[in-house]
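Taking it in order: structure first as structure tokens, then the write-up.
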Amino acid sequence: MTRLIIVLTLVFATSFNLLFANNTPPNDNTPDKVDNCFFLDLENKICFIDFEEIDGYAKEVLVKNDKGEVIFQQQVWDLFNLPANIYELDYQLVNTSSNITVELHTFTKVLTKKIK
């Protein structure tokens, strides 16, 4: 009976120690896959957003000017006619000479791309 109590105490202590161990992720400098979802066609002024490269589901696309004002907004979670899950944003239609920021809102985070 004493051996059983000692073994159970040892098992609980070990599992308790593993439960509260340092769970920090390893420090590798590999880029996140999310960084690869924006592609620019500078000649035609089109920003392509690949929804397959993001982790989660896209909710909406916003375009903001330098002042942070929203100059374009579109809900994208219900678009079913996207060819190969690629969204094309023609930022020439925004018609601004300043820098713009494209924001892709997912249900968990916001991905941004600055365009000059």
Side-chain angles (χ1 to χ4, degrees):
M1 182 70 177
T2 325
R3 287 185 185 174
L4 179 62
I5 293 174
I6 292 173
V7 169
L8 286 176
T9 305
L10 183 61
V11 168
F12 285 129
T14 304
S15 62
F16 186 75
N17 190 18
L18 290 175
L19 180 65
F20 291 104
N22 188 2
N23 290 330
T24 58
N27 188 9
D28 58 353
N29 292 326
T30 58
D32 195 274
K33 191 175 182 182
V34 172
D35 294 335
N36 297 328
C37 70
F38 294 101
F39 301 96
L40 294 178
D41 181 358
L42 298 175
E43 183 177 314
N44 297 317
K45 296 190 176 182
I46 297 175
C47 177
F48 297 99
I49 303 172
D50 188 358
F51 290 160
E52 291 182 355
E53 293 292 324
I54 63 173
D55 185 23
Y57 295 100
K59 188 167 69 170
E60 68 180 334
V61 173
L62 297 172
V63 178
K64 295 182 177 181
N65 60 12
D66 282 340
K67 299 175 186 173
E69 300 168 336
V70 177
I71 53 178
F72 176 79
Q73 178 179 7
Q74 184 175 15
Q75 181 178 338
V76 294
W77 65 269
D78 59 348
L79 293 179
F80 296 107
N81 58 355
L82 293 175
N85 291 324
I86 302 288
Y87 179 81
E88 294 183 22
L89 174 66
D90 187 359
Y91 60 89
Q92 184 174 1
L93 297 176
V94 175
N95 197 12
T96 180
S97 60
S98 64
N99 300 333
I100 60 172
T101 302
V102 178
E103 291 184 357
L104 175 63
H105 291 250
T106 69
F107 287 95
T108 57
K109 56 189 158 200
V110 177
L111 310 171
T112 60
K113 177 70 175 178
K114 294 189 184 285
I115 302 174
K116 296 183 179 186

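In this text, all values refer to a predicted model and were calculated from it rather than measured experimentally.
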What residue among Asn44, Ile46, Val102, Ile100 forms side chain to side chain contact (heavy atoms under 4.5 Å, CB included) with Tyr91?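 Of the listed options, the one satisfying the test is Ile100.
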[X] side chain near [Y] side chain, heavy-atom distance below 4.5 Å:
{"X": "Lys64", "Y": "Val70", "answer": "yes"}
{"X": "Ile86", "Y": "Phe39", "answer": "no"}
{"X": "Leu62", "Y": "His105", "answer": "yes"}
{"X": "Ile49", "Y": "Lys113", "answer": "no"}

Applying side-chain contact (heavy atoms from CB on, under 4.5 Å), name anything that partners Leu4, two or more places apart in sequence or on another chain.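 side-chain contact (heavy atoms from CB on, under 4.5 Å) check on Leu4 returns Leu8.
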Test of understanding: with side-chain contact (heavy atoms from CB on, under 4.5 Å), list the residues that count as partners of Lys67, not counting sequence neighbours.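 So Lys67 forms a side-chain contact (heavy atoms from CB on, under 4.5 Å) with Asn65, Glu69.
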From [X] atom [atom1] to [Y] atom [atom2], the distance as rounded to the nearest 0.5 Å:
{"X": "Asp50", "Y": "Tyr87", "atom1": "CG", "atom2": "OH", "result": "14.5 Å"}
{"X": "Glu103", "Y": "Lys114", "atom1": "CD", "atom2": "NZ", "result": "8.5 Å"}
{"X": "Asp41", "Y": "Glu88", "atom1": "CG", "atom2": "CD", "result": "9.5 Å"}

Minimum heavy-atom separation for Ala58 to Phe51, with atom names? CB-CE2, 3.7 Å
For the student: nearest non-hydrogen atoms of Phe38 and Leu111, plus distance: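 So the minimum-distance heavy-atom pair works out to CZ-O, 3.8 Å.
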In this structure, would Val61 and Ile71 fall into the same cluster of hydrophobic residues linked by side-chain contacts under 4.5 Å?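 As far as the 4.5 Å side-chain criterion goes, Ile71 and Val61 are connected within one cluster.
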Who are the side-chain hydrogen bond (donor to acceptor under 3.5 Å, both in side chains) partners of Gln73, not counting sequence neighbours? Glu60
